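Scroll down for the structure; my scribbles are underneath it.
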Amino acid sequence: MYIPTIGLEIHAELKTNTKMFCDSRNDSNETRPNVNVCHVCIGHPGTLPVINKEAIKHVLKVGVAIGGTLADKTSFDRKNYFYPDIPKGYQISQYKHPLVSGGSVNGIAITRVHLEEDTGISLHNKGNYSLLDFNRAGIPLMELVTEPVMHSAKDAVSFAQELQLLFRYLGASDANMEKGEMRIEANVSIRQNSKVKLQELGTKVEVKNLNSFRAAERAIEYEVKRQSELLENGEAVTQETRGWDDNKQATFSQRLKEESHDYRYFPEPDLPVLDISSIPAFSVEALKKEILELPSERRARYQRIGEGKSSMDPRHIEMFVSDNLFGKLFDDTINIQPLSYNLIANFISTDVAGLVSKYGENGLKNITPEGLSVIVVNYGKEDLSSRGAKDTLEDLFLNGGDASEVCKKYLQKSDSEELAKIIQEVMRENASAVNDYKKGKESALQFLVGQGMKATRGAGNPQVFMSLFLEALK
Ligand code: ADP
Ligand code: MG
């Protein structure tokens, strides 16, 4: 048995109006090639970069949120390498003095968070030539590096998902993996499960091109297996960079791992050292004021609701933490009906979510916190059956309108005469249950009420049924 060790390097494109060092637009939705470009991001000689304050602020906010240390002074470095998508022949990055050091997310230790510029995109699928699109060149790119402290593909992926949530909560990045706004590189090694070597990590392999959480999970699992087999066969793991082939569901060797000295890092001569601590807007206190509730805080708030007695379902909690449309509806509705949190959570997670997946998000605006509380109150008073509540929600979702009015259409039948008829029928058809009850089997009554509800397709009022049955069974 081997123990896997995983460290992640996660890149996220920051949400800013303009690029990292020039005023070209930062727009990841642009579909026309080479429109958001200028002399600076295309690397014309004689042009000079200017630091984007918004980008720095995003990274510092991430730093505060993860409890990291913000740099007093920070500076940029040149990472030199040749590739067609990097027009200057170097990337401006941060090597020696990253903006943020340390911190943790969900117990996973973070090494550093720094800022750099994204590359352009090479398009190789056009024929026997390649095309270059520089819209992405120079977009602010945040890189977060973890310590090698994760030990399974699942843990690594949950960490990355939590990070995605955090970036979104902070407004730092939309972090959509499929759009390339967030990219994962996984460093994977394995070591013998022996006490002697516990402190020593094995040779790591870095896997790039992981464009989905699924790909990340598969690739890490694949590497653990591949490396284990190598060691089993008495072979050694080579330190290298590998890619992930989604079609083959396998990693493949790309290049032997370069060392940092290969990049000939040196301080970027065209940019000043940034004196972070002298800028009031960049103080921890000022940044904290701009940070609303974090995903972990929101999760903890939900976990405290009804703690001990009737805690919230963990699946509801995750849903409201990760989906703000549903989360906000939940928060606003429990503000009106604080005690009905579980009922509200149920209505949103099953009925409202069901309507969204059936009809799309458009009707969601018709489900207001006030409307949902009207439904909850009526349901609580048992004027509205669960069928009636579902129908009211669907009607509101599709047609809008005032919840109290719409509700009226679906209120339960409490008309005793009509129910009395049904009761006679149910008792005739379930004579043995009637007998059981008369012999003292209490649960038979529940059964009969259930049969009555069934006969009214859920529109009967169970309370009224119960008392009518009791009467009839005397
Ligand atoms: P490099 O200089 O090769 O980039 P770093 O020390 O900067 O290596 O680490 C890069 C990433 O690799 C980090 O996320 C780190 O946690 C991870 N890492 C380092 N050593 C190992 C290892 N032996 N096994 C798994 N991950 C590792
Ligand atoms: Mg590295």
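Numbering of ligands and ligand atoms starts at 1, following listing order. Just so it is clear, the model here is predicted, and its values are computed rather than measured.
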[X] to ligand 1: N or O pair under 3.5 Å?
| X | answer |
| --- | --- |
| Asn187 | yes |
| Gln239 | no |
| Thr203 | no |

Taken in chain and number order and not counting sequence neighbours, the residues that satisfy ring pair (Phe, Tyr, Trp, His ring centres under 6.0 Å) with Phe326 are none

pair His97-His114: side-chain heavy atoms closer than 4.5 Å: no

So do the side chains of Ile220 and Trp244 get within less than 4.5 Å of each other, counting heavy atoms only? no

Geometric cation-pi criterion, Lys225 with Tyr222: 6.0 Å, 45°: no

Whether Glu181 side chain and Asn176 backbone form a donor-acceptor pair below 3.5 Å: yes

Is there a donor-acceptor contact under 3.5 Å from the side chain of Arg78 to the main chain of Glu268? no

For ligand 1, which atoms sit closer than 4.0 Å to a heavy atom of [X]?
| X | answer |
| --- | --- |
| Glu147 | 16 (O) |
| Leu8 | 14 (O) |
| Val145 | 13 (C), 14 (O) |
| Leu201 | 22 (C), 23 (N) |

Option of least heavy-atom distance to atom 23 (N) of ligand 1 (set: Gly202, Pro148, Ser260): Gly202

Can you check which of Lys204, Glu206, Arg112 brings a heavy atom nearest to atom 1 (P) of ligand 1? Lys204

Close aromatic pair by centroid cut-off 6.0 Å: Tyr263 and Tyr95: no

